[in-house]
Amino acid sequence: MIDEWLREFPLLDALTVRKSIFLNVFAQWVSGHKHEFDMDFDREALTGFCREVVASSARFQHRLSVLRQQIDDGTCVLNVRRGDYYANPDLTPIYGIDIRKHVRESFEILESEGRTVSKVLFVSDDVAWCVENLAELVPAEHGVIDDRRSMFDDLAALATAPQLILANSTFSFWGAFIGDALAPERVVIAPSRHLIADDGTPYSATFDPRWRRTTAE
């Protein structure tokens, strides 16, 4: 998996430590560390990283260019994470949210801010679920990325969207971070939290304070 990311973003190679080299340290660090906005990183550092290391990739630049031909000012990209969050009973209490409520409130926020949505693109690991369960909630025609070939097309769609509704997923957050670095005037709407922490409290410290939030839990 990491090799795919390094092919897409070659400048990340110098910042990458292979898990096979530091297996125990890596496992402990991932399980015990959470990233907090304006504590582990600030806006200036995040913007520089997204522009200079990530978005500078020739491969990703091409994807952004292709997606900009599909996404106009009236497009809203709706990212939905399903997968293990809902298939694994151990993860659902931690990561599960009321997705329908999140989507409904997100479009209410866009409407209240005078944003016109003319098209909605579903970006998800379960598009069929989105069509069946969310199509009635979107205020415009809906569709998917044309000629989608990989997860990096999904990431480019998130980064390109002038109006973005996030999932409570780090993949979704990075799509938002990259896009915000390239076009800070766009609107990003996040759910109320990323996860439920071990002590039972909601955790959302990774979120950019500028993101709008729904109350979906």
Side-chain angles (χ1 to χ4, degrees), residues 1-17 19 26 29-30 33-68 71 75-85 95 97 99 102 106 121-126 145 148-195 203-213:
M1 176 67 76
I2 188 62
D3 291 334
E4 293 180 71
W5 286 89
L6 295 180
R7 282 193 295 271
E8 187 74 18
F9 305 107
L11 293 182
L12 292 179
D13 187 60
L15 304 174
T16 301
V17 176
K19 184 169 70 171
F26 181 88
W29 187 86
V30 168
H33 186 82
K34 296 183 176 70
H35 298 291
E36 297 188 17
F37 202 101
D38 280 333
M39 181 171 294
D40 296 296
F41 56 89
D42 59 23
R43 190 178 307 283
E44 182 179 2
L46 181 62
T47 299
F49 176 81
C50 289
R51 289 178 179 174
E52 297 162 18
V53 178
V54 180
S56 63
S57 158
R59 282 175 178 254
F60 197 64
Q61 282 286 341
H62 176 70
R63 294 184 200 276
L64 292 173
S65 178
V66 170
L67 265 297
R68 287 177 182 130
I71 294 175
T75 303
C76 176
V77 171
L78 171 54
N79 187 210
V80 175
R81 167 75 178 265
R82 295 290 298 172
D84 55 344
Y85 278 13
Y95 292 101
I97 65 169
I99 296 175
H102 174 51
S106 294
L121 286 185
F122 291 136
V123 175
S124 176
D125 56 358
D126 193 345
I145 300 170
R148 178 195 179 276
R149 300 188 181 188
S150 81
M151 60 186 170
F152 299 115
D153 293 323
D154 294 342
L155 191 65
L158 270 59
T160 306
Q163 298 156 137
L164 173 61
I165 299 174
L166 297 180
N168 59 321
S169 164
T170 53
F171 182 90
S172 203
F173 304 159
W174 274 108
F177 289 148
I178 297 165
D180 289 354
L182 300 176
E185 71 281 358
R186 71 187 192 143
V187 174
V188 176
I189 304 173
S192 64
R193 58 171 170 79
H194 179 194
L195 51 82
Y203 181 83
S204 60
T206 308
F207 292 6
D208 186 329
R210 296 187 306 192
W211 295 346
R212 283 68 160 174
R213 304 268 285 276

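Proximity of L158 to S172: side-chain heavy atoms (C-beta onward) are separated by under 4.5 Å at one or more points. Contact of the Y85 side chain with the N168 side chain is registered, since non-hydrogen atoms from C-beta on lie closer than 4.5 Å. Side-chain contact check for F9 versus V53: every heavy-atom pair is 4.5 Å or farther apart. By the 4.5 Å heavy-atom criterion applied to side chains, I165 and H102 are counted as neighbours. Between L12 and L6 the shortest side-chain heavy-atom distance falls below 4.5 Å. Put simply, the side chain of D208 reaches to within 4.5 Å of the side chain of R43, judged on heavy atoms.
Nearest heavy atom pair, residue A157 against residue I71, reads O-CD1, 3.9 Å. Heavy atoms only, all atoms of each residue included: C50 and W174 are closest at SG-CZ3, 3.9 Å. Scanning all heavy atoms of the two residues, the minimum distance from A156 to T160 falls at O-OG1, 2.6 Å. Shortest non-hydrogen contact noted between Y95 and H194 is CD2-O, 3.7 Å. The minimum heavy-atom distance linking M151 with W5 is given by the pair CE-NE1, 3.4 Å. The shortest heavy-atom contact between S192 and R213 is O-NH2, 2.9 Å.
A donor-acceptor distance shorter than 3.5 angstrom exists from the side chain of S57 to the backbone of F60, with no hydrogens or angles considered. When atom types are taken as modelled, the side chain of Q163 and the backbone of V188 share no donor-acceptor pair closer than 3.5 angstrom.
Relative orientation of the F37 and F177 rings is tilted, given thresholds of 30° and 60° on the angle between their planes. Between H35 and F41, the angle of the ring planes lies from 30° to 60°, which puts this pair in the tilted group.
To the nearest 0.5 Å, atom CZ of residue F173 and atom OG1 of residue T170 are 7.0 Å apart. To the nearest 0.5 angstrom, D154 atom CG is 9.5 Å from R63 atom CZ. A distance of 11.5 Å separates CG of L121 from CG of N79, quoted to the nearest 0.5 Å. Separating the OG atom in S106 from the CD1 atom in I99 is a distance of 11.5 Å, to the nearest 0.5 Å. Summarising the geometry, atom CZ belonging to R81 is positioned 11.5 Å from atom CD1 belonging to I97; distances are rounded to the nearest 0.5 Å. Interatomic distance, CZ of F152 versus CZ of R7, reported as 8.0 Å (0.5 Å rounding).
Using a 4.0 Å cut-off between charged nitrogen and carboxylate oxygen, R82 and D125 do not count as a salt-bridge pair.
Residues that satisfy the side-chain hydrogen bond (donor to acceptor under 3.5 Å, both in side chains) test with D180, not counting sequence neighbours, are R186, W211.
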